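Being a predicted model, the structure only gives us computed values, none of them experimental.
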Amino acid sequence: MGPSRLKQPFQRRKRDDRMGSKRQNDSVVDEEELGPDLKRHKSLGESSPSSPPASENPQLPGFNYGDDDEEEDYKSKQNGSGYDGDEGDGTDDEENDEDENHIMRSRDVEVRKDCPYLDTVNRQVLDFDFEKFCSVSLSNLNVYACLVCGKYYQGRGKKSHAYTHSLEAGHHVYINLRTEKVYCLPDGYEINDPSLDDIRYVLNPRFAKEQVEQLDKKKQWSRALDGSDYLPGMVGLNNIKETDFVNVTIQSLMRVTPLRNFFLIPENYQHCRSPLVHRFGELTRKIWHARNFKGQVSPHEFLQAVMKASKKRFRIGAQSDPVEFMSWFLNTLHSELRVSKKSSSIIYECFQGELEVVKEIHSKALTEKKENGDDQDAGTEGSSVIMETSRMPFLMLGLDLPPPPLFKDVMEKNIIPQVPLFNILKKFDGETITEVVRPRIARMRYRVTRLPQYLILHMRRFTKNNFFVEKNPTLVNFPVKNLELKDYIPLPTPKESEKLRSKYDLIANIVHDGKPNEGYYRVFVQRKSEELWYEMQDLHVSETLPQMVALSEAYMQIYERQQ
């Protein structure tokens with residue numbers, strides 16, 4: 001082997017390198033001569049300018065399937081701007097976010113009006129009442145609803161679950177549950193068609209101020225997709241599992257006009273970050289919406305917010321007391337809605353009254369725990385009584401029922417006693433003494449010093465002891481209209497310019513049926529537009545007579561003051 005043979009591969013390699021660099025220079029010259037069109041196509045990985053642009057042919061490898069809204073939604077989550085995530089304190093500048101999002105978008109999404117798949121949309125399967133979570137990844141970021149089968153999927157990029165579902169199932173129309181934009185997948189273009197507006201209204205019902213003011217005057221029924229008729233505001237609520245105590249409370253609060261009107265317009269509570277407040281607002285709008293696809297609503301998202309806010313004190317699958325839930329819910333709403341500690345809220349404006357409480361404490365009770373050597377002192381001190389007078393606000397008043405008879409009558413049946421409402425209201429006349437044991441033995445006298453616009457009364461039917469819960473079956477006789485309080489309890493004299501308004505009308509009556517631990521709750525509510533009464537138990541809504549309302553075992557009532 002001579003040196004000439006060893007040189008041959010080396011020389012051949014040098015020659016190949018020179019030829020490669022020449023070809024590269026030629027291609028640069030060609031590109032410059034042919035102009036920017038070829039450059040654009042080369043950057044997309046295409047061979048010739050005759051290929052269609054990427055926006056028209058979304059199956060090309062260079063097409064951007066990135067979700068415009070994914071960046072915005074994810075950033076808003078990270079910055080804590082969304083109310084339904086964890087309550088973060090994001091303070092980033094919104095303008096900077098918009099600039100960054102603008103840079104991150106590589107190309108605007110094509111908007112088309114002529115989508116061939118619009119006839120595949122199936123409104124019968126659409127249900128937006130449940131939590132907005134992807135059915136595959138269980139993420140709540142960038143969730144889309146398939147308008148063909150109703151399932152939720154995340155994203156619309158090439159590797160997303162919605163994109164995969166569109167290829168596997170052949171379902172092509174999707175709506176972003178946050179931005180309400182509709183897209184066709186896998187093609188990736190946005191659909192702009194007014195025929196989809198009804199779906200947007202069901203996803204996020206909207207009310208103008210003029211509509212809200214006219215709600216109590218409308219007598220018109222609405223029709224669901226299945227042909228059934230329903231009354232807006234009188235729709236049944238789904239009992240998910242032993243959640244009737246929540247359903248009756250919501251149905252009662254829906255009759256409180258100022259509260260309902262406040263929550264129908266989201267701008268009123270935009271400042272609030274609490275998921276509970278926003279979920280209650282969504283539920284209120286769905287109940288009063290006149291263009292629903294079905295005649296009932298599932299309060300699933302609201303119940304999830306209740307479980308989280310109450311730290312599972314009230315939860316799905318465990319029966320609870322509507323009085324306890326009402327008290328907790330009103331106080332929580334107030335604390336979330338108020339801007340500062342001293343400011344009021346729509347809750348206090350509707351329900352808050354004031355009591356004057358006179359407490360008599362015998363000093364013997366203070367010295368009971370003294371040692372035996374101090375018995376003589378205790379006896380001398382026992383004659384003195386300490387009086388404490390205070391004023392306290394209230395959201396509801398508890399009424400004590402007389403005990404039921406212990407023995408059966410001649411017919412071997414227990415007589416169910418009846419008591420007029422005015423008798424048990426005497427507790428608040430300022431003279432009747434109520435004995436209390438906790439936190440220490442005392443004698444209390446109550447007097448109402450300010451009446452609220454909406455008065456909530458609850459009858460203490462259940463008493464707990466160490467062994468079981470006992471229910472008092474006493475019937476309370478009450479007027480459905482014109483409850484005049486000034487005839488039975490002393491009221492404060494109004495100012496010269498004001499008129500004493502103490503006449504109330506019943507608007508909601510919650511009833512408990514059955515045994516203490518096994519029973520269920522239903523509610524009678526009044527529809528103001530026609531002054532008709534309806535009985536509501538979960539999904540069942542039926543018209544009833546006012547006389548039937550007064551015959552039930554009332555547990556909690558809401559009265560409205562006459563204007």
Side-chain angles (χ1 to χ4, degrees), residues 55-59 65 67-70 72-73 108-130 132 134-135 142-157 160-208 210-212 214 218 220-232 235 264 266 282 285-298 301:
S55 60
E56 292 176 15
N57 186 1
Q59 297 302 322
Y65 285 84
D67 193 343
D68 297 352
D69 312 306
E70 284 185 39
E72 293 175 5
D73 289 344
D108 290 334
V109 176
E110 182 191 1
V111 180
R112 281 171 56 175
K113 292 184 178 179
D114 54 334
C115 179
Y117 301 113
L118 284 181
D119 61 337
T120 63
V121 173
N122 185 3
R123 286 167 173 79
Q124 302 279 359
V125 298
L126 298 183
D127 187 353
F128 300 121
D129 290 345
F130 290 89
K132 314 298 193 277
C134 171
S135 58
N142 269 308
V143 182
Y144 288 77
C146 174
L147 297 185
V148 183
C149 64
K151 291 180 182 175
Y152 294 168
Y153 294 98
Q154 188 181 15
R156 68 168 203 277
S160 67
H161 301 296
Y163 186 89
T164 307
H165 177 70
S166 70
L167 294 175
E168 287 180 350
H171 297 170
H172 299 290
V173 190
Y174 296 80
I175 186 168
N176 187 309
L177 295 176
R178 190 178 297 266
T179 64
E180 299 176 19
K181 291 182 178 179
V182 182
Y183 297 92
C184 179
L185 295 182
D187 298 358
Y189 58 83
E190 183 184 341
I191 304 168
N192 181 14
D193 194 295
S195 69
L196 299 168
D197 286 346
D198 61 333
I199 297 174
R200 292 189 178 99
Y201 279 116
V202 172
L203 173 60
N204 185 16
R206 302 166 181 81
F207 287 87
E210 298 76 26
Q211 290 175 295
V212 171
Q214 297 297 318
K218 282 189 175 181
Q220 192 174 359
W221 289 64
S222 294
R223 176 156 290 187
L225 282 180
D226 60 0
S228 60
D229 294 327
Y230 71 93
L231 280 167
V235 297
L264 283 177
E282 286 174 17
R285 292 196 297 278
K286 284 177 180 177
I287 288 173
W288 286 94
H289 188 44
R291 293 163 67 178
N292 284 331
F293 288 164
K294 54 190 190 317
Q296 72 264 359
V297 176
S298 289
E301 286 190 284

Can you give the donor-acceptor pairs under 3.5 Å from side chains of residues 113-126 to other protein atoms, not counting sequence neighbours?
| residue | atom | partner | partner atom | Å |
| --- | --- | --- | --- | --- |
| Thr120 | OG1 | Tyr117 | O | 2.5 |
| Asn122 | OD1 | Gln124 | N | 3.2 |
| Arg123 | NE | Asp198 | OD2 | 2.7 |
| Arg123 | NH2 | Ser195 | O | 2.9 |
| Arg123 | NH2 | Asp198 | OD1 | 3.2 |

- Message: Suppose we screen for salt bridge (charged side-chain N to carboxylate O under 4.0 Å, His left out). Which residues come up paired with Glu190, at least two apart in sequence or across chains?
- Response: none
- Hey, is the main chain of Gln211 close enough, under 3.5 Å, to the side chain of Gln214 for a donor-acceptor pair? no
- So do Trp288 and Val212 actually touch side chain to side chain, heavy atoms under 4.5 Å? no
- Closest heavy-atom contact between His165 and Tyr153? ND1-OH, 3.2 Å
- Message: Keeping Arg285 on the side-chain end and Leu264 on the backbone end, is there a donor-acceptor pair under 3.5 Å?
- Response: no
- Message: Return the NE2 to SG distance between His161 and Cys134, rounded to the nearest 0.5 Å.
- Response: 5.0 Å
- Task: Can you see which heavy atom on Gly155 is nearest to which on Tyr144, and at what distance?
- Result: O-CD1, 3.6 Å
- Task: List for me each residue that meets side chain to side chain donor-acceptor pair (under 3.5 Å) alongside Glu180, sequence neighbours excluded, and say none if there are none.
- Result: Asn204, Arg206
- So, do Asp193 and Val182 sit near enough that their side-chain heavy atoms are less than 4.5 Å apart? no
- Taking all heavy atoms of Val148 and all of His171, pick out the closest pair and write down the distance. CG1-CD2, 3.5 Å
- Give the C-alpha distance, both sets of side-chain angles, the deciding distance and a yes or no for side-chain contact (heavy atoms from CB on, under 4.5 Å) between Glu301 and Lys132. CA-CA 9 Å; Glu301 286 190 284; Lys132 314 298 193 277; 3.0 Å; yes
- How many angstroms lie between atom OG of Ser228 and atom CH2 of Trp221, to the nearest 0.5 angstrom? 10.5 Å
- Task: Answer yes or no: is there a side-chain heavy-atom contact under 4.5 Å between Phe128 and Tyr152?
- Result: yes
- Any side-chain heavy-atom pair of Val109 and Tyr183 under 4.5 Å: yes
- Task: Give, for atom CD1 of Ile175 and atom CG of Leu196, the distance between the pair rounded to the nearest 0.5 Å.
- Result: 7.0 Å
- Message: Could you report the tightest heavy-atom contact between Val235 and Gly295, atom names first, then the distance?
- Response: CB-O, 3.6 Å
- Can you name the residues that form a side chain to side chain donor-acceptor pair (under 3.5 Å) with Asp129, not counting sequence neighbours? Lys286, Lys294
- Item | For Gln296, all residues meeting side chain to side chain donor-acceptor pair (under 3.5 Å), sequence neighbours excluded | none
- Inter-residue atom distance Glu110.CD - Asp187.CG, 0.5 Å rounding: 9.5 Å
- Task: To the nearest 0.5 Å, tell me how far Gln154 CD sits from Ser160 OG.
- Result: 8.0 Å
- Query: Taking atom types as modelled and ignoring hydrogens, do the side chains of Tyr174 and Arg156 form a donor-acceptor contact shorter than 3.5 angstrom?
  - Reply: no
- What residues form a side chain to side chain donor-acceptor pair (under 3.5 Å) with Arg223, not counting sequence neighbours? Asp229
- Task: Could you pull out the closest heavy-atom pair between Pro232 and Tyr230, with the gap in Å?
- Result: CD-O, 3.7 Å
- What are the two closest non-hydrogen atoms of Ala145 and Leu177, and how far apart are they? CB-CD2, 3.7 Å
